[in-house]
There are 2 protein chains.
Amino acid sequence: MQQAEPPDVFNAIAHPVRRQILDALRTEDQPVHVLAAPFAMSRPAISQHLKLLRDAGLVSEMRLGRERRYRLEPTRLRDVADWLAQYEQFWAERLRNLGAYLESTK
Amino acid sequence: MQQAEPPDVFNAIAHPVRRQILDALRTEDQPVHVLAAPFAMSRPAISQHLKLLRDAGLVSEMRLGRERRYRLEPTRLRDVADWLAQYEQFWAERLRNLGAYLESTK
DNA sequence: ATTATACGTAAGGTATTTCTTACTTGTCAA
DNA sequence: TTGACAAGTAAGAAATACCTTACGTATAAT
């Protein structure tokens with residue numbers, strides 16, 4: 001029974017290591033050993049996180065000699081941005097309320 | 001050894017049930033039995049999701065008779081929004097690139 | 001007072017996640 | 001060619017996540 005896993009972006013960015021990997025790719029494409037360097041964990045562990053990020057569509061991979069260069073693919077982050085956008089009106093409301101409160105206690 | 005768990009908002013919103021709960025609270029404060037109703041899972045399971053959301057600071061609880069009314073506390077979603085904001089420039093860049101590409105192939 | 005409702009917490013089972021080490025493949029360097 | 005480097009995959013251990021049922025407590029209704 002093999003249901004094609006939905007690329008769950010929310011789940012992909014839930015892990016701090018994976019967020020840090022994405023952050024590292026913000027500057028520039030990077031090979032795995034560079035991405036793995038900052039972490040106190042084995043390189044295969046990073047490879048596995050990268051696979052998950054790949055499956056989520058958040059990064060792409062290109063072979064370059066014996067390296068594999070990873071590139072940030074940020075478009076899927078829209079899912080998160082869109083979801084968040086529904087709450088922005090709430091923030092605005094909160095700020096108005098706070099403003100009114102501060103006004104009233106002045 | 002008891003390290004105070006960091007309220008991990010990213011982790012809190014990773015689970016679809018928890019996102020749906022937050023969505024339900026966007027309209028209005030709700031008691032647990034109302035929040036639980038749409039889900040094909042036991043009420044205690046929902047209680048546990050609510051505890052996680054509470055610990056993450058995403059909802060607050062107030063007793064009201066025998067109910068507990070939950071309220072959305074969206075401010076902590078800023079963590080996510082701030083993180084995402086770092087990628088927005090990337091989207092803009094992508095759009096520019098796409099624009100240039102479309103222009104070049106016209 | 002008794003019973004029903006709303007909810008949390010406890011305990012436990014199972015699935016999933018996230019590591020590890022061992023191994024394989026492909027590429028570059030001597 | 002032989003050896004070193006880059007990186008993926010496999011298998012398994014350990015931790016965590018997420019559900020269930022059972023139970024306890026507080027409030028409301030009869």
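Please read all numbers here as calculations on a predicted model, not as lab measurements. Naming: A, B, ... by sequence-line order, numbering from 1 per chain.
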Please report the distance, rounded to the nearest Å, between [atom1] in [X] and [atom2] in [N].
X: M41(B); N: dT21(D); atom1: CE; atom2: P; result: 13 Å
X: R19(A); N: dT18(C); atom1: CZ; atom2: P; result: 12 Å
X: L52(B); N: dC18(D); atom1: CG; atom2: P; result: 7 Å

With a 4.0 Å cut-off on heavy atoms, is [X] in touch with a base, just the backbone sugar-phosphate, or nothing at all?
X: Y70(B); result: sugar-phosphate
X: P44(B); result: base
X: R43(B); result: base
X: R69(A); result: nothing

I'd like to check D23(B) versus R26(B) (side-chain heavy atoms, cut-off strictly below 4.5 Å). Are they in contact?
yes
Between L58(B) and I13(B), is there a side-chain heavy-atom distance shorter than 4.5 Å?
yes
Reckon [X] has a side-chain N or O less than 4.0 Å from the OP1 or OP2 of [N]?
X: R18(B); N: dC18(D); answer: yes
X: H49(A); N: dT18(C); answer: no
X: H33(A); N: dA7(D); answer: yes
X: S42(A); N: dT20(C); answer: yes
X: H15(A); N: dT16(D); answer: no

Between G65(A) and Q48(A), the residue closer to the 5' end of DNA chain C by nearest nucleotide is Q48(A)
So, for [X] and [Y], which heavy atoms are closest and what is the spacing to 0.1 Å?
X: R19(B); Y: Y87(A); value: O-OH, 4.3 Å
X: A56(A); Y: D8(A); value: CB-O, 4.4 Å
X: Y70(B); Y: L25(B); value: O-CD2, 3.4 Å

Determine whether any donor atom in the side chain of R68(B) lies under 3.5 Å from an acceptor atom in the base of dA6(C), or the reverse, and answer yes or no.
no
